[in-house]
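Working notes for the structure below.
Each ligand, and each atom within it, is numbered from 1 in the order the structure gives.
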Amino acid sequence: MPKTGSTARPAAPKKNTPKTPDAAPARSSANSLPVRSESALEIKDNRTGKNYSVPIAECAIRAVELKKVKTNNPDDSGLLSYDPAFLNTASCRSAITYIDGDKGILRYRGYPIEQLAENATFLEVAWLLRHGELPSLKEYDQFVHDITFHTYVHENMRKFLEGFRYDAHPMAMLNSSIAGLSAFYPSARNILDPTERNISIVRLLAKTPTIAAFSYRHVKGLPFVYPDNRLPYVENFLSMVARMSESKYEANPVFARALEILFILHADHEQNCSTNAVRAVGSSHVDPFSAISAGVAALFGPLHGGANEQVLRMINEIGSVKNVPKFIESVKSGEGGRLMGFGHRVYKSYDPRAKIVKNLADEVFKVVGVDKDLEIALELERIALSDDYFVSRKLYPNVDFYTGLIYRSMAFPTDFFTVLFAIGRMPGWLAQWEEMLLDKEQKIARPRQIYIGPAERPYRSKLKAKQTL
Ligand code: ACO
């Protein structure tokens with residue numbers, strides 16, 4: 001019988017942010033010791049001549065402080081900050097992932113991504129992201145056991161997947177199946193119960209590869225392969241994807257390790273679009289399956305996780321190295337769309353994950369031979385890194401630029417690439433979801449707006465006018 005439940009518990013709720021802003025640490029660098037700050041932003045409102053002193057802590061001001069800045073008009077509810085797409089707004093305080101976009105630094109809980117990619121396992125990183133510390137051997141073994149024995153999905157989930165058309169996009173299947181898990185585990189709605197939270201987290205980490213592999217087999221018209229709990233996490237996933245009549249599937253160790261590293265590289269990336277979606281939806285206190293499915297939906301988009309798929313489609317369209325300069329010109333003129341796999345909201349230098357992925361590609365190509373499109377990718381990168389359009393906008397390859405070539409070399413179909421990203425991102429979404437829930441400062445996410453529609457006007461039905469004609 002599979003063992004249900006787990007002894008693992010989330011880290012104790014952190015004490016909340018200091019209420020007095022000047023008691024909070026300044027955010028000078030992730031390495032520096034907390035520095036008490038007593039600085040303030042002095043604001044003069046030239047509408048009223050009034051002065052305001054807004055405390056600065058951790059290089060931020062609290063936007064609610066701006067509410068105090070108001071005119072004498074009784075209808076004035078105070079100043080808003082306007083920041084479409086959160087270009088300069090911190091939506092939370094988080095202890096999970098640190099990025100310095102200018103220096104190309106990425107750390108999970110303080111550990112450099114390069115060291116984790118080289119030495120850690122994906123489940124070790126999943127534990128680290130959630131609990132803040134690396135697991136002891138005992139904790140790790142228990143965690144691996146719990147994950148391994150929750151990989152099976154209810155048979156009705158299998159039937160649900162079989163209901164999709166043969167050409168369904170696997171991200172659409174993954175997204176709806178993860179949302180569907182909510183119907184199988186109604187007690188998961190008790191999100192404030194640590195035991196329920198824990199088992200939901202275990203289930204999501206364990207079942208996502210199973211659902212992903214089932215969606216792959218469904219599209220291919222192949223029989224579903226059930227989890228083989230003798231295998232480690234990544235090998236088990238590869239077995240469910242590729243096993244045919246073998247009694248035990250043996251994955252190519254280079255592929256298995258490459259996939260494990262790619263999962264680690266994708267495991268978290270602080271407040272990106274999909275994580276923000278998970279936090280925002282989770283802030284309504286919905287169950288974790290529903291909240292995480294919002295993250296999968298966001299990841300599907302071509303400007304986010306869907307970019308890895310688009311990179312390969314773009315390379316296919318370019319077709320040959322000799323067409324690269326013309327394609328680059330079309331991107332610059334705006335006619336050819338964007339150079340997919342380039343640019344990042346946060347990284348304004350080389351994405352550290354892209355560096356690791358590029359080296360990883362070499363390892364995989366040693367096994368399967370050089371991908372036919374690698375030449376095109378290298379030429380795109382070479383030209384883009386020396387062209388003023390890209391240099392002046394600080395557009396560098398992001399993690400998605402080379403991942404697609406690796407996935408294709410491992411025989412994954414193009415529309416499956418983002419599913420692989422989703423498996424990797426799952427621990428980050430879950431850690432961020434739980435951090436949000438335990439953060440006493442968080443409330444239901446509800447941004448403000450600046451209303452620009454019509455002023456009040458009387459209702460005059462146009463339908464009535466039509467009827468009387
Ligand atoms: N190709 C060509 N031009 C680009 C690109 C690109 N890939 N990315 C940005 N630009 C240009 C924009 O046209 C804009 O130019 P302008 O100032 O002349 O108008 C300027 O660079 C700034 O672009 P923004 O859209 O303002 O940058 P933003 O931070 O909002 O977007 C994003 C970041 C979405 C990643 C963008 O760079 C992009 O679309 N890249 C391609 C898609 C991609 O690879 N996404 C994966 C990101 S990584 C991830 O999610 C895992």
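A 4.5 Å side-chain heavy-atom check between Glu435 and Arg130 finds every atom pair outside the cut-off. Within the 4.5 Å cutoff, the side chain of Leu174 has no heavy atoms near those of the Ser215 side chain. Contact annotation: the side chain of Leu374 approaches that of Tyr402 to within less than 4.5 Å [non-hydrogen atoms, C-beta and beyond].
The presence of a protein heavy atom under 4.0 Å from atom 22 (C) of ligand 1 is ruled out. Within the 4.0 angstrom cut-off, atom 44 (O) of ligand 1 has one or more protein heavy-atom neighbours. Less than 4.0 angstrom separates atom 27 (O) of ligand 1 from none of the non-hydrogen atoms of the protein.
The shortest heavy-atom distance from Phe401 to ligand 1 is not under 4.0 Å.
Between the side chains of Ser239 and Asp228, no donor N or O sits under 3.5 Å from an acceptor N or O. Side-chain atoms of Gln310 and Arg338 include no donor-acceptor pair closer than 3.5 Å. Side-chain atoms of Tyr140 and Thr121 include a donor-acceptor pair closer than 3.5 Å. Side chains of Ser274 and Asn272: a donor-acceptor N/O pair is present below 3.5 angstrom, by distance only. Side chains of Thr151 and Asn236: no donor on one and acceptor on the other come within 3.5 Å.
Checked against a 6.0 Å centroid threshold, the rings of Phe401 and Phe342 count as neighbours. Checked against the 6.0 Å centroid threshold, Phe416 and Tyr407 do not count as a close aromatic pair. Ring centers of His344 and His269: under 6.0 Å apart, within the cut-off.
Annotation for ligand 1: atoms under 4.0 Å from non-hydrogen atoms of Arg345 are 28 (P), 29 (O), 30 (O), 33 (C). The contact set between ligand 1 and Phe421, taken as ligand atoms under 4.0 Å from a residue heavy atom, comprises 51 (C). Ligand 1 places these atoms under 4.0 Å from at least one heavy atom of Ala307: 43 (C), 44 (O), 45 (N), 46 (C). Which parts of ligand 1 touch Tyr389 is read off a 4.0 Å heavy-atom cut-off, strictly below it: atoms 2 (C), 3 (N), 11 (C), 13 (O). Atoms of ligand 1 found under 4.0 Å from any heavy atom of Gly341 (numbered from 1 in listed order, with element): 43 (C), 44 (O). Residue His304 approaches ligand 1 through these ligand atoms, each under 4.0 Å from one of its heavy atoms: 46 (C), 49 (C), 50 (O). Taking every non-hydrogen atom of His344 and a distance limit under 4.0 Å, the qualifying atoms of ligand 1 come out as 35 (C), 37 (O), 48 (S).
Taking the salt bridge (Lys or Arg N to Asp or Glu O under 4.0 Å) definition, one finds that Glu162 meets it with Arg158, sequence neighbours left out.
Only side-chain heavy atoms of Asp400 come within less than 4.0 Å of ligand 1; its backbone N, CA, C and O stay farther off. At a 4.0 Å heavy-atom cut-off, ligand 1 touches Leu339 through backbone and side chain alike.
For atom 8 (N) of ligand 1, the nearest non-hydrogen atom of the protein is Leu395 CD2, 3.5 Å. Looking only at heavy atoms of the protein, atom 35 (C) of ligand 1 is closest to Gly343 O, 3.7 Å. For atom 34 (C) of ligand 1, the closest heavy atom belonging to the protein is Leu303 O, 4.1 Å. The protein heavy atom nearest to atom 18 (O) of ligand 1 is Arg393 NH2, 2.9 Å. Given atom 40 (N) of ligand 1, the protein heavy atom at minimum distance is Phe342 O, 2.9 Å. For atom 42 (C) of ligand 1, the closest heavy atom belonging to the protein is Met340 CE, 3.5 Å.
Between atom 12 (C) of ligand 1 and the options His266, Met314, Arg338, Lys332, the minimum heavy-atom separation is to Arg338.
Not a single N or O atom of Val331, backbone or side chain, sits closer than 3.5 Å to an N or O atom of ligand 1. The shortest N or O to N or O distance between Pro302 and ligand 1 is not below 3.5 Å. Here's the thing with Lys348: none of its N/O atoms is less than 3.5 angstrom from an N/O atom of ligand 1.
Within 6.0 Å of OH in Tyr451 there are more than 12 heavy atoms belonging to other residues, nucleotides or ligands.
Within the cation-pi definition used here (under 6.0 Å to the ring centroid, within 45° of the axis), Arg408 does not qualify as a partner of Phe412.
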